[in-house]
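We count ligands from 1, going down the list as the structure has it; atoms in each ligand are counted the same way. Please read these numbers as outputs of a predicted model, since none were measured by experiment.
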Amino acid sequence: MTDTFDLVITNGAVFTPGGLVNTDIGVRHGVTTALGNLRGAKAAETYDAKGLTVLPGVIDEQVHFREPGPIHKEDLESGTRGAVLGGVTAVFEMPNTDPPTTTAERLADKVTRATGRAWTDFAFYVGASPENAEELGTLERVPGCCGIKMFMGSSTGSLLVADDENVARVLKHGHRRVTVHSEDDMRLTERAALVKDGADPSMHSEWRDVETAVRSTTRLLKLARAARRRVHVLHVTTAEEIAILGRNKDIATVEVLPQHLTLAAPECYQRLGTFAQMNPPIREQRHQDALWAGIAAGIVDCIGSDHAPHTKEEKARPYPRSPSGLTGVQTTVPLMLNHMANGKLTLERVVDLLCAGPARIFGAVGKGRVAVGYDGDFTVVDLKAKKTITNDWIASRAAWTAFDGMAVTGWPMATIIRGRIVMRDGELNGPPQGQPVRFLETL
Ligand code: DOR
């Protein structure tokens, strides 16, 4: 063997497109160039993955890193640091920053800010608004942009496209997939009186009820079909929407979150209060069961974290003055591996939801699988490791997780990005060298 590599990973069980294989991996100039027996090959660096499982790099396609804007909650450095500690190799970041990411200049500004500070590879959403709807076809193609994000219901920040006319305008412009926060803003406004003067946090899922989500998703699908535009429905929470989306797979992909798969009302509100408050809300067990059934049926295409950091002080304000959102980018891999250890899903499904799914939905070039010609991105995990998730492990500026104290089986041991071991055994290896993710032109 005369090839030389920058990195060779040996002795691991490697998740290839053909399934789990005991093979070495050779990476050169950031790209996987060989799979097979590389004993004797020259390598600048070797990683011994004995006893470990090497997965394609995990892509988190929904994070909020708050920069520019309220960076006391998070910034691009701290957010991506949490990501690599949690085994994530690339993140797609949301536009509800301050100012919101609604122009080419603001997209370019985020790419500049991330360069030299982001630990992971990255891309940014352009936020849809009634003002920029006609420009979205140009904006979605700005380098470093992963696609369009449309808020049909108000959440953190000011971005909103509430009515059918404006939703249709957004869907009409551009070609790439439109990701959607699907809650009906008219119904949210109508029902705000339920909580406005103060209420128990468990009222959050009563105010933002099943009908709020179903109405919006039904409207969205009708408008998407009329516009012949594919949509990606984010953080689906209801049994009813899973059934509806299962009949619309030709135009809609589906994301669910570990929070909604792990926590359930009313227990989460009794135990965590406003620290379980997020949009759309965590609901009763029957909905969680339906999300799992959606995973088993293949209706769900990917899992993102919706990492939405707010400080403990902000979260502790009396409901509903408390902001919505939970941290998550660092806990997705351990939580999903733990669900796998508990028999909720297979390793094949974990990889499809966390790695291949996001790459496929967004047309990310060189990401999502371990194969020759793809980026040398790997999430190396110990499927047997028994660990406890704790607040002091969380790198986020928010410094808390709703899963503090939870014992899990399965843990990220190394995060390798384009052949660089950026995290190993919980230790970072800098400097941050994340790059913009590239996307297919034609998706
Ligand atoms: O709970 C949420 N928090 N849902 C969202 O849609 C936004 C997010 C945030 O940015 O805080």
Side-chain angles (χ1 to χ4, degrees), residues 60-76 78-79 82 91-102 110 124-125 127-129 148-162 178-185 188 195 201 203-205 207-209 212-213 216-217 220 232-238 241 255-263 265 268-269 272-283 304-317 319-329 331-332 396-398 400-402:
D60 189 338
E61 42 68 270
Q62 190 183 180
V63 300
H64 302 265
F65 285 165
R66 311 300 189 203
E67 181 179 350
I71 54 171
H72 66 282
K73 301 175 197 266
E74 201 73 286
D75 67 18
L76 290 163
S78 61
V91 296
F92 299 172
E93 205 266 345
M94 284 292 164
N96 58 335
T97 43
D98 187 10
T101 322
T102 48
K110 278 194 170 176
F124 299 103
Y125 289 92
S129 74
I148 297 164
K149 166 71 179 284
M150 170 162 64
F151 284 90
M152 287 176 69
S154 311
S155 192
T156 304
S158 57
L159 285 170
L160 182 62
V161 183
V178 179
T179 63
V180 184
H181 179 118
S182 184
E183 289 186 287
D184 186 284
D185 206 61
L188 285 178
V195 299
M203 281 299 286
H204 199 59
S205 56
W207 167 34
R208 307 179 85 108
D209 67 350
T212 301
S216 171
T217 297
L220 172 68
H232 180 49
V233 187
L234 296 168
H235 40 44
V236 172
T237 56
T238 67
E241 285 170 287
E255 178 210 46
V256 300
L257 311 185
Q259 299 87 304
H260 297 121
L261 291 168
T262 310
L263 303 171
C268 67
Y269 298 109
L272 299 164
T274 51
F275 286 76
Q277 175 195 334
M278 62 174 299
N279 305 330
I282 297 167
R283 305 186 191 280
S305 72
D306 193 7
H307 178 82
H310 301 283
T311 66
K312 286 183 199 153
E313 293 70 30
E314 291 163 343
K315 288 296 277 184
R317 286 180 202 145
Y319 182 80
R321 288 198 293 115
S322 42
S324 293
L326 274 57
T327 63
V329 71
T331 46
T332 296
S396 168
R397 291 225 170 125
W400 64 274
T401 163

Within-cut-off N or O pair, His64 and ligand 1, under 3.5 Å: yes
Atom 9 (C) of ligand 1 [closest protein heavy-atom partner, distance rounded to 0.1 Å]: Thr156 OG1, 3.1 Å
Centroid-centroid under 6.0 Å between Tyr319 and His204 rings: yes
Element-labelled atoms of ligand 1 that are located less than 4.0 Å from some non-hydrogen atom of Ser155: 2 (C), 4 (N), 5 (C), 6 (O), 7 (C)
Any His310 heavy atom less than 4.0 Å to ligand 1: yes
contact_flag Met94 ligand 1 heavy-atom lt 4.0 Å: no
Within reach of ligand 1, part of Gln277 (heavy-atom separation under 4.0 Å): neither
Ser324 N/O under 3.5 Å from ligand 1 N/O: yes
For atom 4 (N) of ligand 1, closest protein heavy-atom neighbour: Asn279 O, 2.9 Å
Close-contact set for ligand 1 against Phe151 heavy atoms, below 4.0 Å: 6 (O)
Region of Arg208 that comes within reach of ligand 1 [heavy atoms, distance under 4.0 Å]: neither
Within reach of ligand 1, part of Asn96 (heavy-atom separation under 4.0 Å): side chain
